[in-house]
Amino acid sequence: MEQTVFATGADKGLGRSLVARFLRAGFRVFAGKFTSGTNLEQLTNKFPEKLVIVPLDVTDMGIVRRAAGVVSEQAGALDILINNAGVLLEDTETPLERLDLTNHHLQQTMEVNAFGPLRVTQQFLPLLQKGQRKLIVNISSEAGSLADCQRQREYAYCMSKAALNMQSKILQNHLGPRGFKVLAIHPGWMQTDMGGSDADIHPDVAAEGIFELATRDWSPDGAIYLDYRGNRMRW
Ligand SMILES: NC(=O)c1ccc[n+]([C@@H]2O[C@H](COP(=O)([O-])OP(=O)(O)OC[C@H]3O[C@@H](n4cnc5c(N)ncnc54)[C@H](OP(=O)(O)O)[C@@H]3O)[C@@H](O)[C@H]2O)c1
């Protein structure tokens with residue numbers, strides 16, 4: 001039977017690499033696309049039957065609901081949800097003393113990185129419940145680890161990913177008994193618009209690791225917070 005995946009923030013960076021990887025594996029891929037970029041065009045031409053582009057702003061409940069409606073109409077169930085969309089809006093060099101706390105970056109970071117995945121997960125739950133894998137992959141970061149935090153800046157981004165980690169744990173507690181598995185994955189430092197060109201790895205490398213993790217058989221009580229190679233991260 002055809003397997004299905006929905007990924008948010010899918011039109012560039014890691015999201016696009018994930019879309020390409022799952023398409024190559026024969027999945028039907030629903031790609032949540034935020035702005036009007038054309039990065040997915042090549043994949044649409046190559047996989048016209050398998051790729052469905054769905055408009056998505058994870059901060060807008062109505063749009064999230066409509067996206068779930070599209071998947072419901074076209075597939076009726078969902079195997080894997082990947083909450084990938086994320087933003088890094090703040091000036092990462094500025095210390096607290098000079099940080100502008102009146103701009104909207106703080107709120108927007110939490111809205112996209114922490115509350116966005118919660119909205120999407122809530123609306124896609126009925127579809128995941130009918131799916132075979134019942135897997136929710138939250139793309140987190142090492143920036144969300146309290147145990148390994150060395151930073152003295154980047155409050156909003158780090159706080160949003162720590163919140164996403166907590167969300168992942170609560171979700172696993174809640175949904176595990178229903179056969180769900182929740183993962184919070186650090187994708188590595190990637191050469192994307194967010195990670196910059198000096199970063200360690202191409203997003204295709206992270207996507208390969210995440211694909212491998214997402215298509216494994218998981219026990220609900222196993223580890224949740226992992227890097228893209230499957231190494232356990234410290235909360
Ligand atoms: N890059 C790294 O080194 C790194 C490290 C650790 C974790 N991560 C995490 O990995 C994920 C992917 O990062 P990336 O490097 O691929 O970032 P990216 O290249 O900046 O891509 C982010 C994606 O999120 C989308 N997006 C932004 N706001 C959105 C919204 N309100 N609703 C829906 N989609 C929205 C963007 O859409 P538009 O292009 O249309 O704006 C874009 O497709 C993020 O969660 C990030 O925090 C990245």
Side-chain angles (χ1 to χ4, degrees), residues 6-21 29-41 43 53-68 81-90 92 104-105 107-121 123-124 136-145 148-149 151 154 156-165 167-168 183-211 213-214 225-229 231 233:
F6 182 91
T8 69
D11 69 329
K12 71 177 185 190
L14 176 61
R16 190 189 178 284
S17 294
L18 285 167
V19 167
R21 184 63 188 89
V29 180
F30 293 89
K33 182 173 156 176
F34 180 45
T35 52
S36 55
T38 53
N39 295 329
L40 288 170
E41 249 170 37
L43 289 171
I53 295 174
V54 184
L56 184 71
D57 177 350
V58 299
T59 69
D60 185 319
M61 198 66 206
I63 295 177
V64 173
R65 231 180 245 123
R66 284 202 287 284
L81 169 64
I82 305 181
N83 282 306
N84 164 74
V87 289
L88 172 57
L89 299 172
E90 68 212 293
T92 57
H104 75 290
H105 290 173
Q107 286 79 6
Q108 183 69 4
T109 302
M110 293 303 282
E111 283 296 331
V112 177
N113 296 2
F115 297 122
L118 195 58
R119 288 185 193 95
V120 175
T121 296
Q123 291 304 309
F124 280 80
I136 299 167
V137 179
N138 288 330
I139 301 300
S140 178
S141 171
E142 49 74 33
S145 168
D148 289 325
C149 181
R151 286 176 176 79
E154 274 184 78
Y157 184 76
C158 296
M159 288 164 67
S160 73
K161 291 297 186 179
L164 181 62
N165 283 352
Q167 177 183 146
S168 304
L183 295 173
I185 298 183
H186 165 52
W189 184 26
M190 302 175 292
Q191 295 142 9
T192 62
D193 284 357
M194 184 186 290
S197 54
D198 290 340
D200 291 336
I201 56 168
H202 191 277
D204 285 354
V205 175
E208 185 61 40
I210 293 164
F211 173 80
L213 292 171
Y225 187 26
L226 304 169
D227 74 11
Y228 70 99
R229 289 166 298 201
N231 299 312
M233 302 281 294

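Ligands are counted one by one from 1 in listed order, and the atoms in each one are counted from 1 as well.
- For atom 10 (O) of ligand 1, the closest non-hydrogen atom on the protein side is I139 CG2, 3.3 Å.
- Of the protein's non-hydrogen atoms, the one nearest atom 14 (P) of ligand 1 is T192 OG1, 3.7 Å.
- Across V58 and A85, no two heavy atoms sit closer than the pair CG1-CB, 4.4 Å.
- H186 is not listed as a side-chain neighbour of Y228, based on a closest heavy-atom distance of 4.5 Å or more.
- Here the protein heavy atom with the shortest distance to atom 32 (N) of ligand 1 is V58 N, 2.9 Å.
- The protein atom (non-hydrogen) at minimum distance from atom 22 (C) of ligand 1 is G86 O, 3.6 Å.
- Scanning the protein for heavy atoms near atom 25 (C) of ligand 1, the closest one is G9 CA, 3.7 Å.
- When every heavy atom of T35 is checked against every heavy atom of K33, the shortest pair comes out as O-CE, 3.1 Å.
- Those atoms of ligand 1 that come under 4.0 Å of a heavy atom in W189, given as number and element, are 3 (O).
- Within ligand 1, counting atoms from 1 as listed, the ones closer than 4.0 Å to a heavy atom of A85 are 24 (O), 33 (C), 34 (N), 35 (C), 45 (O).
- Looking only at protein heavy atoms, the nearest one to atom 3 (O) of ligand 1 is M190 N, 2.8 Å.
- Considering each of F34, Y157, Y228, the one bringing a non-hydrogen atom nearest atom 8 (N) of ligand 1 is Y157.
- By the 4.5 Å heavy-atom criterion applied to side chains, Y157 and N113 are counted as neighbours.
- Comparing G195, P55, G188, A207 against atom 5 (C) of ligand 1, the shortest heavy-atom distance belongs to G188.
- Below 4.0 Å from some heavy atom of L56 lie the following atoms of ligand 1, by number and element: 32 (N), 33 (C).
- Residue-to-ligand polar distances place D11 within reach of ligand 1: an N/O pair is separated by less than 3.5 Å.
- Heavy-atom contacts of P187 reach the following atoms of ligand 1: 6 (C), 7 (C), 8 (N), 10 (O) (cutoff under 4.0 Å).
- Within the listing of ligand 1, atoms 27 (C), 28 (N) sit less than 4.0 angstrom from a heavy atom of V87.
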- [ ] Could you please spell out the steps behind the side chain to side chain contact (heavy atoms under 4.5 Å, CB included) verdict for I185 and D227?
- [x] CA-CA 5 Å; I185 298 183; D227 74 11; 5.9 Å; no
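- Within ligand 1, the atoms closer than 4.0 Å to a non-hydrogen atom of G13 are 16 (O), 19 (O), numbered from 1 in the order shown.
- Without hydrogens or angle criteria, R16 side chain to N39 main chain gives a donor-acceptor distance under 3.5 Å.
- Regarding atom 17 (O) of ligand 1, its nearest protein heavy-atom neighbour is M194 CB, 3.6 Å.
- Looking at N84, L14, D200, it is N84 that brings a heavy atom closest to atom 11 (C) of ligand 1.
- When the heavy-atom distances from atom 19 (O) of ligand 1 to K12, E142, E111, K33 are ranked, the shortest goes to K12.
- Considering only heavy atoms from C-beta on, L81 comes within 4.5 Å of T121 through its side chain.
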